[in-house]
Amino acid sequence: PIKYGKINTLKLIQLNEFLKSDLFIVFGASYIKDDLVDFLIKKKAINIHAGISPYYRGTDCNFWALYDGYPHLVGTTIHLLSSGLDEGPILYHAMPEIRVNPFEYTMSAIKSAFLSLCEKIKDNSIFEIEPKKQNQSKQIRFSKKREFNSEVIDSYFNKEIDLKDIKFDISRLIRPYFPKK
């Protein structure tokens with residue numbers, strides 16, 4: 001196991017067994033830099049970003065989408081890893097199941113990412129998707145961990161978040177995957 005935030009302190013030789021993999025999927029890692037990110041980019045590593053890029057990049061993106069009043073922009077972006085944070089070419093967006101509980105709604109987006117990746121790896125279709133460059137001019141928020149504080153959390157819990165009638169604007173999404181019911 002590697003502690004969060006420590007991956008960039010390791011030399012590639014220390015990851016030798018890991019680096020023999022055929023497919024690399026990154027999820028929940030700190031910002032990967034230097035030789036490791038270069039290696040993973042060459043191997044076309046796939047990143048699961050908990051947020052809909054390019055609209056939401058950085059950390060806690062699904063929280064911020066709800067906080068900002070954009071529940072239709074809660075989801076995950078499956079994209080190729082890049083040296084820039086959450087800016088790699090997009091393969092597709094995996095969307096959540098509609099839930100009235102915000103926590104269940106956002107976690108459903110993560111579940112959708114894993115289910116969709118399993119399906120697309122199993123049938124090899126993940127390798128046939130043409131990545132699409134992100135349009136950074138559409139960015140709504142690039143969030144940093146330090147912005148997520150008790151004041152923001154208090155404000156969030158005082159908001160009325162209605163998740164009953166979400167209308168997804170699929171024109172904003174790239175090859176959206178919706179979980180099967």
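Keep in mind that what you see is a predicted model, and the values were worked out from it rather than measured.
- In terms of heavy-atom proximity, Arg172 sits nearest to Ile140 at NH1-CD1, 4.4 Å.
- In this structure, CD1 on Ile78 lies 8.0 Å from CD1 on Ile46, to the nearest 0.5 angstrom.
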query: How far apart are the C-alpha atoms of Ile170 and Phe178, what are their side-chain angles, what is the distance that settles it, and do they pass the side chain to side chain contact (heavy atoms under 4.5 Å, CB included) test?
result: CA-CA 11 Å; Ile170 61 170; Phe178 289 91; 4.2 Å; yes

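- Of the possible polar contacts, one joining the Ser108 side chain to the Glu97 backbone as a donor-acceptor pair under 3.5 Å is found.
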task: Would you please test Asn47 and Asp86 for side chain to side chain contact (heavy atoms under 4.5 Å, CB included) and show each step?
output: CA-CA 8 Å; Asn47 187 55; Asp86 304 326; 3.9 Å; yes

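- Between the side chain of His49 and the backbone N or O of Tyr56, at least one donor-acceptor pair lies under 3.5 Å.
- To the nearest 0.5 Å, atoms CG (Leu80) and NZ (Lys133) are separated by 13.0 Å.
- Between the side chain of Arg141 and the main chain of Cys61, no donor-acceptor pair closer than 3.5 Å is present.
- Cluster annotation: Leu85 is not connected to Leu40 through the hydrophobic network of ILVMFWY side chains, with a link wherever side-chain heavy atoms come within less than 4.5 Å.
- Rounded to the nearest 0.5 angstrom, Arg99 CZ and Ile166 CD1 are separated by 11.5 Å.
- Cation-pi geometry between Lys120 and Tyr177 is not met: the NZ or CZ atom fails to fall both under 6.0 Å from the ring centre and inside 45° of the normal.
- At a threshold of 4.5 Å between side-chain heavy atoms, the hydrophobic network of Ile, Leu, Val, Met, Phe, Trp and Tyr places Val100 and Phe168 in two separate groups.
- Side-chain atoms of Gln139 never come within 3.5 Å of backbone atoms of Gln136 as a donor-acceptor pair (strictly under, hydrogens ignored).
- For the pair Leu81 and Val37, the tightest heavy-atom approach, listed with the atom from each and the gap, is CD2-CG2, 4.1 Å.
- Atom OG of Ser83 is separated from atom NZ of Lys33 by 12.0 Å, given to the nearest 0.5 angstrom.
- Phe27 and Ile32 are members of different hydrophobic clusters when ILVMFWY side chains are connected at heavy-atom separations under 4.5 Å.
- With contacts defined as side-chain heavy-atom distances shorter than 4.5 Å, the pair Asp35/Lys11 does not qualify.
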query: Could you go step by step and tell me if Thr77 and His93 meet the side chain to side chain contact (heavy atoms under 4.5 Å, CB included) rule?
result: CA-CA 5 Å; Thr77 304; His93 290 114; 3.2 Å; yes

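- Residues Pro179 and Ser112 form a side-chain contact, since some pair of their non-hydrogen atoms from C-beta on lies under 4.5 Å apart.
- Leu115 is not connected to Val74 by any chain of hydrophobic side-chain contacts under 4.5 Å among Ile, Leu, Val, Met, Phe, Trp and Tyr, and they are in different clusters.
- Residue pairs meeting the side-chain hydrogen bond (donor to acceptor under 3.5 Å, both in side chains) criterion with at least one member in residues 146-168, sequence neighbours excluded, are Tyr67-Ser155.
- Between Leu12 atom CG and Asp34 atom CG the span is 9.5 Å, to the nearest 0.5 Å.
- Formation of a donor-acceptor pair under 3.5 Å by the Thr59 side chain with backbone atoms of Lys144 is not found in this model.
- Asn101 approaches Phe103 most closely through the heavy-atom pair OD1-N, 2.8 Å.
- In the hydrophobic cluster analysis, where Ile, Leu, Val, Met, Phe, Trp and Tyr join through side-chain heavy atoms closer than 4.5 angstrom, Leu23 is grouped apart from Ile90.
- Considering Phe148, Tyr105, Phe157 as possible partners of Phe63, the one that fulfils the ring-ring contact (aromatic ring centres under 6.0 Å, His included) test is Phe148.
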message: Assess the residue pair Asn62 and Met107 against the criterion (side chain to side chain contact (heavy atoms under 4.5 Å, CB included)); give the C-alpha distance rounded to whole Å, side-chain angles, the decisive distance to 0.1 Å, and a yes or no.
response: CA-CA 9 Å; Asn62 286 327; Met107 289 298 99; over 6 Å; no

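- Between the side chain of Ser82 and the backbone N or O of Gly88 there is at least one donor-acceptor pair closer than 3.5 Å.
- Summarising the geometry, atom CG belonging to Leu163 is positioned 9.5 Å from atom OG1 belonging to Thr106; distances are rounded to the nearest 0.5 Å.
- In this structure, the side chain of Thr76 engages the main chain of Ala94 through a donor-acceptor pair within 3.5 Å.
- Nearest approach of Tyr92 to Ile126, heavy atoms of both residues: CE2-CD1, 3.8 Å.
- When all heavy atoms of Phe24 and Phe39 are compared, the closest pair comes out as CZ-CE2, 3.8 Å.
- Ring centers of Tyr70 and Tyr55: at least 6.0 Å apart, outside the cut-off.
- The minimum heavy-atom distance linking Gly75 with Ala109 is given by the pair CA-CB, 3.6 Å.
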